[in-house]
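Reviewing the structure listed below.
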Amino acid sequence: MSTQQIQVKLLRYKCIGCSYCVSLAPEIFSISVSDGKITFLFENAFDDDTIDAFFDSSIEPIAQQTENICPTGAIKCIMHKR
Amino acid sequence: METRKRILVTRFSALGDVAMVVPVLCSLSEQFPEFDIVFASQGFANPLVKSIPNVSFFKVDLKGRHKGFLGIWRLAKDLKKIGPWFAFVDLHNVLRTKILRIFLCGSVKNVAVIDKGRAEKRALTQRKNKKLIQLKHSVSRYESVFNELRIDVNVQFKKININTDSFALSSLEIVNKGEKWIGVAPFAKHKGKMYPLNLMEQVIEPLSKLSNTKVFLFGGGQEEIEVLTNWENQFDNTTCLAGKIKLDDELRVMDQLDVMLTMDSANMHLASLVGTPVVSVWGATHPFAGFYGWNQNEENAIQINDLSCRPCSVFGNKSCFRKDYACMNQITPSQIVARVLSFL
């Protein structure tokens, strides 16, 4: 049986720290305490240029919304079949 | 035969102030069903009170029959016809209602008048030795006037009842099909209360990009309608409601919004009446003056807190002595967008 997963890529070098993504999906994203840019909630002091993580496909709508609203295109969502 | 006691309540303007009377009238009607309340105001206020039991509306025509000094005399005459009055509750306390009180003298048993707290509001907004403290909310001031008459109404208002059926809305295809709805009312009466339109565009733009989301624009007046129509054409998922629907239908739409973005303006109070969360933007004025949306969370007031000149005005009608309206211009669009998004 195939299951779907969503890969969320954060192109942190593009992030301006507007925090729209955090407002929309506080259960997924946070702002890094190291550099004030986007990171995942479980990586709250991340300071590399890019980061990605896989999530259950149930977060797809909200992840897609954050991709739509990010003013600099720092969030990319890719669906994967397994 | 027992006759019901009639109470005359007056508040002639403006829409926001009239809207703040509604929580008191609703609570009064619920807690004191033995009273017949007649609310005298301008015609625009009728939709706000027509669903409240035991409250009837008296239309005051300030531009026609009830205009000027003679008009006040005619108003008193008209009101006497529908008396006798157990009490006259003056929630406006301006020259017009002061004269009306004199003309009604003798035909009203009890009179109570609002204390607007003008001195404390002056102290809040003066440039030097500003006394930055939370003043009594207007709804509480209205409540106190009834308390003065020993009518111990206790405002426990949540929202007004809205009949959701509307031919106008269905014919405009404004029907919620499970989307998120955001309302934006970008205008205010005075410049000191209005977020600059070029910055407001930067607020609407990202919101309009959200999928499964609609942005509704509220406003009135010809110039406003032009701006909002331009935005409707410029941005996706954005609908201008200004000039297309009446206040009743605006309330119906507001009732279905997930969040409403407003200035310190009437729309903040209207959205509060239907229990919709409001993100409000404050410039020259301050929630401390007592005009914050009823039952709204204080954290949703977006304002610059460390400007020593704020608030400089109770109504936002003074021009900025710094000339730069920093209180508005220093608020970034992203601050507002982030707060709005937190409701979706």
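Reckoned from all heavy atoms, side chains included, excluding hydrogens, waters and symmetry mates. Chain naming here is simple, since letters A, B, ... match the order of the sequence lines and numbering starts at 1 in each.
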Checklist entry - Does a sphere of radius 6.0 Å around CD in B/Glu223 hold more than 12 heavy atoms from other residues, nucleotides or ligands, not counting ones at 6.0 Å or beyond? => result no
Checklist entry - So how far is it from A/Ile69 CD1 to B/Leu344 CG, rounded to the nearest 0.5 Å? => result 8.0 Å
Next on the checklist: When you compare the side chain of B/Leu210 with that of A/Leu24, does any pair of heavy atoms fall below 4.5 Å?
Outcome noted: yes
Item to check | Flag if over 12 foreign heavy atoms under 6.0 Å of NZ, B/Lys244 | outcome: yes
Checklist entry - With respect to chain A, which residue among B/Ser211, B/Ser342, B/Ser208, B/Pro206 yields the maximal number of heavy-atom pairs within a distance under 4.5 Å? => result B/Ser211
Checklist entry - Taking the side chain as C-beta and beyond, is there a heavy-atom pair between B/Thr213 and A/Gln65 under 4.5 Å? => result yes
Checklist entry - Just how far is it from atom CD of B/Gln335 to atom SG of A/Cys18, taken to the nearest 0.5 Å? => result 12.0 Å
Checklist entry - Under 6.0 Å from the NZ atom of A/Lys14, do we count more than 12 heavy atoms belonging to anything else shown? => result yes
Checklist entry - More than 12 non-hydrogen atoms from neighbouring residues, nucleotides or ligands closer than 6.0 Å to NZ on B/Lys130, yes or no? => result yes
Item to check | Neighbour count above 12 (heavy atom, 6.0 Å) for B/Phe315 CZ | outcome: no
